[in-house]
2 protein chains.
Amino acid sequence: MPKIVDHDRYRKELLNQCLALFAAQGYGSITMRQIAQGLGVSTGTLYHYFPSKESILEQLVQDLCEQGITDFFAQAPPAERVGDRLRIVIEFFLAHYRFYQQQLLLWVDFHQHSQRKGTERQAFLQRFWQRTHAQLVAYLQLPNPAHVDFVLVFMDGLLLQCLYERGEAEADWVTQQTELLIALLDSA
Amino acid sequence: MPKIVDHDRYRKELLNQCLALFAAQGYGSITMRQIAQGLGVSTGTLYHYFPSKESILEQLVQDLCEQGITDFFAQAPPAERVGDRLRIVIEFFLAHYRFYQQQLLLWVDFHQHSQRKGTERQAFLQRFWQRTHAQLVAYLQLPNPAHVDFVLVFMDGLLLQCLYERGEAEADWVTQQTELLIALLDSA
DNA sequence: TTATTTATAACATACGTTCGTTATGCGTTT
DNA sequence: AAACGCATAACGAACGTATGTTATAAATAA
């Protein structure tokens with residue numbers, strides 16, 4: 001009967017590709033035609049898989065929230081010393097730097113979008129952060145759970161600062177700052 | 001001859017009001033009609049003061065960069081102890097919290113906008129950060145200048161985390177995190 | 001065939017921008 | 001002083017285009 005296409009699987013593939021597109025242009029500035037072109041399909045195909053532009057954004061956010069940081073814990077080795085565990089987390093974070101930067105930009109878009117629509121609560125975004133926080137608390141085993149928030153704040157700030165185009169010295173600067181964080185938290 | 005209106009002065013007033021509008025909706029999502037309505041003028045008047053939508057964004061960014069943090073140093077009292085100076089900076093930052101949050105959102109928009117246009121016109125943004133950094137180094141007199149970057153990263157991360165809707169406990173959480181920062185830097 | 005995927009063109013609307021017009025107030029002329 | 005001219009300020013309708021979306025038909029595989 002139909003073509004051999006796993007509808008749901010292909011939809012998720014397209015979703016993942018949308019992240020980079022949204023992050024590069026912003027939700028409001030990008031057009032459906034540009035999205036379709038970026039995905040290598042036509043607008044008709046795009047609308048075959050997604051009912052609207054708005055739906056792409058919402059599905060993408062939901063997808064990222066569900067995925068969460070499970071792929072980190074899927075391969076996170078345990079470590080005895082606190083500083084080592086902290087380093088493992090940050091190494092993983094740095095290894096997926098561009099991804100988290102894109103995710104940050106998407107959340108800014110989503111924040112503005114949901115604020116505009118008046119649809120107040122984005123329950124799963126809040127749940128996402130609670131879950132992330134709880135999982136990191138369990139893994140890191142820091143003496144003070146507030147330190148976990150501090151690490152998350154640091155990571156977000158790092159992503160943001162690097163948007164402001166630090167140029168060639170960016171990599172060195174990032175390692176310098178992360179070492180500083182580890183040193184500060186380790187001595188405390 | 002004309003009506004009694006200081007053209008340049010009025011334009012800057014409009015610019016300042018635009019910050020909140022851009023931050024709430026995003027540059028790509030907001031329309032000139034919405035901007036005009038938000039400013040309480042007609043679209044014709046809006047175009048009398050700004051040649052294009054793009055120009056509003058660019059003038060706004062440039063204006064904010066020029067202003068910089070001079071209004072902080074205009075009233076920043078000196079303090080002997082390092083922790084006190086750090087506290088003064090952060091108190092000022094928290095007092096103007098919403099403003100810096102809006103500025104953050106604007107910079108995200110500007111980043112995407114200039115990346116889209118391909119033109120690397122982020123020169124003054126880079127200069128802005130260098131200037132900010134240098135001024136803060138001079139004021140704070142921290143033993144390690146890298147700590148100043150660390151403070152800036154922390155502030156950006158704080159702004160970002162609070163976009164993700166922390167709800168009622170936000171204020172307490174912010175003070176907790178800032179106290180943590182001060183404690184960590186003071187003991188180092 | 002038949003059901004599903006894809007592509008193209010068409011549609012209604014919303015967008016950024018322009019235009020013609022009117023209102024306003026100071027300088028000039030009488 | 002009064003009347004006029006003139007340049008700015010303000011407005012809102014109108015314009016051309018681009019947008020999100022839909023309709024339609026070809027292509028594909030069972």
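Per chain, numbering begins at 1; letters A, B, ... match sequence-line order. Any value given below was found using the heavy atoms of this structure, including those in side chains, with hydrogens, waters and symmetry copies removed.
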Do the side chain of B/D109 and the main chain of B/Y27 share a donor and acceptor less than 3.5 angstrom apart?
yes
For B/K53, look at atom NZ and say whether over 12 heavy atoms of other residues, nucleotides or ligands are found less than 6.0 Å away.
yes
Just the rounded figure in Å: distance from P of C/dC15 to CD of B/Q25.
10 Å
Can you tell me how far C1' of C/dT18 sits from CZ of B/R33, to the nearest Å?
12 Å
Please state whether the phosphate of D/dC11, meaning OP1 or OP2, lies under 4.0 angstrom from any side-chain nitrogen or oxygen of B/T45.
yes
Ignoring backbone atoms, test whether B/S42 places a side-chain nitrogen or oxygen under 4.0 Å from the OP1 or OP2 oxygen of D/dC11.
yes
Under 4.0 angstrom, heavy atoms only, what part of the nucleic acid is B/I30 near: base, sugar-phosphate, or nothing?
sugar-phosphate
Would you kindly give the NE2-to-P distance between A/H7 and C/dT6, to the nearest whole Å?
9 Å
In whole angstroms, how far is the C1' atom of D/dA9 from the CD atom of B/E13?
15 Å
Just say parallel, tilted or perpendicular for the rings of B/F93 and B/Y100, cut-offs at 30° and 60°.
tilted
Using the side-chain heavy atoms of B/Y49, tell me which of these nucleotides is nearest: D/dC11, C/dT6, D/dA9.
D/dA9
Mind calculating the distance between CD (B/Q37) and P (D/dC11) to the nearest angstrom?
13 Å
Please state how far atom CZ in B/R11 lies from atom P in D/dT8, giving the value in whole angstrom units.
16 Å
Round to a whole Å and report the spacing from CG of B/L46 to P of C/dC15.
14 Å
Check the distance between C/dT17's C1' and B/E54's CD and give it to me in whole angstrom.
14 Å
Of the nucleotides D/dT22, C/dG16, D/dA10, which has the atom closest to the B/M32 side chain?
C/dG16
Would you say A/K117 and A/E54 make side-chain contact, with heavy atoms under 4.5 Å?
yes
From D/dA9, C/dT6, D/dT19, nucleotide with atom closest to A/T31 side chain
D/dT19
Would you indicate what A/T43 reaches in the nucleic acid, counting non-hydrogen atoms under 4.0 angstrom: base, sugar-phosphate, or nothing?
base
Which one, C/dG16, D/dG20, C/dT6, comes nearest to the side chain of A/K53?
D/dG20
Tell me whether the side-chain N/O atoms of A/H48 come closer than 4.0 Å to OP1 or OP2 in C/dT6.
no
Taking only the side-chain heavy atoms of B/V41 (C-beta and beyond), determine which of D/dC11, C/dT5, D/dT19 contains the nearest atom.
D/dC11
Parallel, tilted or perpendicular: rings of B/Y10 and B/Y49 (30°, 60°)
perpendicular
Between A/Q34 and A/G44, which is nearer to the 5' end of DNA chain D once each is assigned its nearest nucleotide?
A/Q34
